Amino acid sequence: MPEKNNKIITENLNFYYGKFQALKDINIKIGEKKVTAFIGPSGCGKSTFLRTLNRMNDLLGEVRIEGKVLIDDSDIYRSDVDVVTLRKKMGMVFQSPNPFPMSIFENVAYGPKIHGIKNKNTLQEIVEKSLKQAFLWDEVKDDLNKNALSLSGGQQQRLCIARVLAVEPEVLLMDEPTSALDPISTLRIEELIQDLKKEYTIVIVTHNMQQAARISDYTAFFLNGEMVEYDRTENIFTKPKDKRTEDYITGRFG
Amino acid sequence: MLTKPKDRKELLINGFLWAAAFLAVAILVFILGYIILKGMGHVDLEFLTQKPRKMGSEGGIFPIIIGTVYFVFLTILTAAPLGVGTAIYLNEYTREGKITRIIRFGTELLAGIPSIIFGLFGYAFFVVLLHDYTQGWSLVSGALTATCMILPTLVRASEEALKTVPRSYREGSLALGANKWQTIYKVVLPSALPGILTGIILSIGRAICETAALLLTLGGSLLMPESIFHGARTLSMHLYMVAMETGNMDVAFGTGVVLIAIILLINFTANYAIKKLVARNR
């Protein structure tokens with residue numbers, strides 16, 4: 001797998017919700033500025049794994065984690081790690097678009113503002129740049145003060161991506177970002193991911209195997225909390241080594 | 001085949017439900033109409049702007065209107081931070097567990113206690129025990145007592161409002177690197193504001209209508225309150241005291257009209273504000 005420039009490495013990662021073990025001994029190396037897709041049936045642990053990477057699982061009640069998650073070679077579960085800085089670095093896009101009930105401008109400016117940027121002009125520049133990066137600028141530039149909830153689903157999701165880009169993350173964690181969108185909006189997001197790959201490390205959870213095949217460089221297949229197989233995407237889809245991977249991608253279950 | 005089945009039962013039920021609804025509205029209209037008809041003649045500029053004379057049986061109600069306004073403001077000023085704060089703590093900072101259950105049980109228990117019991121407590125605690133700080137019967141004692149009284153409603157309403165804020169808003173904010181308080185202050189509270197305001201309005205309604213508990217804590221002075229450490233009288237109290245002590249029903253009805261007008265005014269303005277807020281959030 002990606003040998004040089006690994007952005008994210010996990011070592012013997014185990015994760016428990018109460019007594020239920022949701023992740024079993026995950027070892028993975030995720031390459032910098034690559035698109036890595038996690039596929040697998042519902043409940044296989046792929047989303048849980050994604051959420052261990054920016055410590056969003058901390059918000060849930062009784063969870064326990066064992067093993068290591070290294071980002072840029074430093075363990076993010078060490079007790080002295082600042083979660084705020086970590087989450088700023090590991091931007092996250094959610095399954096269904098979740099813009100805040102504020103204007104388009106305020107949504108994008110939200111992150112920079114909480115991280116201390118007050119200057120109006122600077123904010124304006126960040127908002128414009130982020131919306132352009134998310135291929136949304138041309139559609140909304142004339143009504144930045146419009147409420148974000150009045151946008152279409154696809155536009156809302158691109159707004160959420162712009163909102164994440166505005167805090168200048170290094171990694172984009174995307175949790176089934178197109179599952180609530182129509183095919184055309186999905187296509188736009190996929191094009192956007194291809195474009196963002198130049199600057200960001202992208203990890204995307206998807207239900208949709210064609211999507212993984214279309215956009216990712218590497219694919220990991222999860223089943224029942226285990227990472228069954230992890231390889232270059234073309235290998236996973238053309239010559240899987242594990243019988244279970246083959247069964248899944250040929251549609252025998254899932 | 002296609003003729004209507006016998007629908008006498010249906011008609012009967014419809015008739016009953018209609019009559020019930022009609023009666024409910026009719027009673028309301030009757031009471032309001034009666035009070036307004038009886039009292040309207042007594043309400044004029046003099047009544048609204050003059051001091052009361054002869055125990056309130058003559059003259060106006062100006063100090064009482066002012067006392068009511070002071071009392072309501074003071075009560076909201078202490079109750080709103082406490083109530084909303086409790087709701088935020090329960091909903092955002094604790095996980096469901098023993099402590100939240102105890103606090104919630106406590107607030108619900110408080111909601112069921114008759115107001116005169118709050119009055120008794122307020123008298124013993126704020127008026128007598130804390131006399132050095134509250135100056136006995138005073139706006140402070142009255143407002144603190146009313147605060148205890150309306151707190152449960154306020155906590156409950158605020159909690160419900162916070163619960164309607166989708167979890168995805170909180171996650172979205174936290175994932176951007178916002179801390180908990182930033183998330184609550186900038187995303188959660190603004191979305192919950194219409195619901196919280198509704199709770200505050202309901203509470204104002206309860207405080208403004210209260211008499212028994214306030215007789216024991218606010219005193220009932222007819223003078224213009226000079227500070228929050230002076231006694232005062234609210235419109236509801238005035239209505240009761242004038243009717244019972246002087247027997248001048250004209251003044252009582254006039255006061256009733258002013259009270260109803262104030263309550264309607266508060267409700268309409270609040271509804272308007274809430275509608276504006278909701279529209280902004282959509």
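Below, read A as the first sequence line, B as the second, and so on, with proteins coming before strands; counting in each chain starts at 1. What's counted below: heavy atoms across the whole structure, side chains too, no hydrogens, waters or symmetry copies. As the structure is a computational prediction, the values presented were derived from the model and not from experiment.
At a 4.5 Å heavy-atom cutoff, A:Asn107 makes no contact with chain B through either its backbone or its side chain. Heavy-atom distances place both the backbone and the side chain of B:Lys186 under 4.5 Å from chain A. For A:Arg55, no part lies under 4.5 angstrom from a heavy atom of chain B. Within the 4.5 angstrom heavy-atom criterion, no atom of A:Pro169 approaches chain B. Within the 4.5 angstrom heavy-atom criterion, only side-chain atoms of A:Val167, from C-beta onward, approach chain B.
No close placement of the B:Tyr133 and B:Phe126 rings is indicated, their centers lying 6.0 Å or farther apart.
Between A:Lys129 and A:Glu125 no salt bridge is recorded (no basic side-chain N to carboxylate O distance below 4.0 Å). A:Lys141 and A:Glu128 are not joined by a salt bridge, as no carboxylate oxygen comes within less than 4.0 angstrom of a charged side-chain nitrogen. B:Lys163 and B:Glu159 are joined by a salt bridge, as a carboxylate oxygen and a charged side-chain nitrogen come within less than 4.0 angstrom of each other.
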>> side chain to side chain donor-acceptor pair (under 3.5 Å), that's the test. Do A:Ser185 and A:Gln157 meet it? Break it down for me.
In response: CA-CA 9 Å; A:Ser185 305; A:Gln157 194 62 301; over 6 Å; no
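Of the listed residues A:Val84, A:Ile114, A:Asn98, A:Val83, the one with more heavy-atom pairs under 4.5 angstrom with chain B than any other is A:Ile114.
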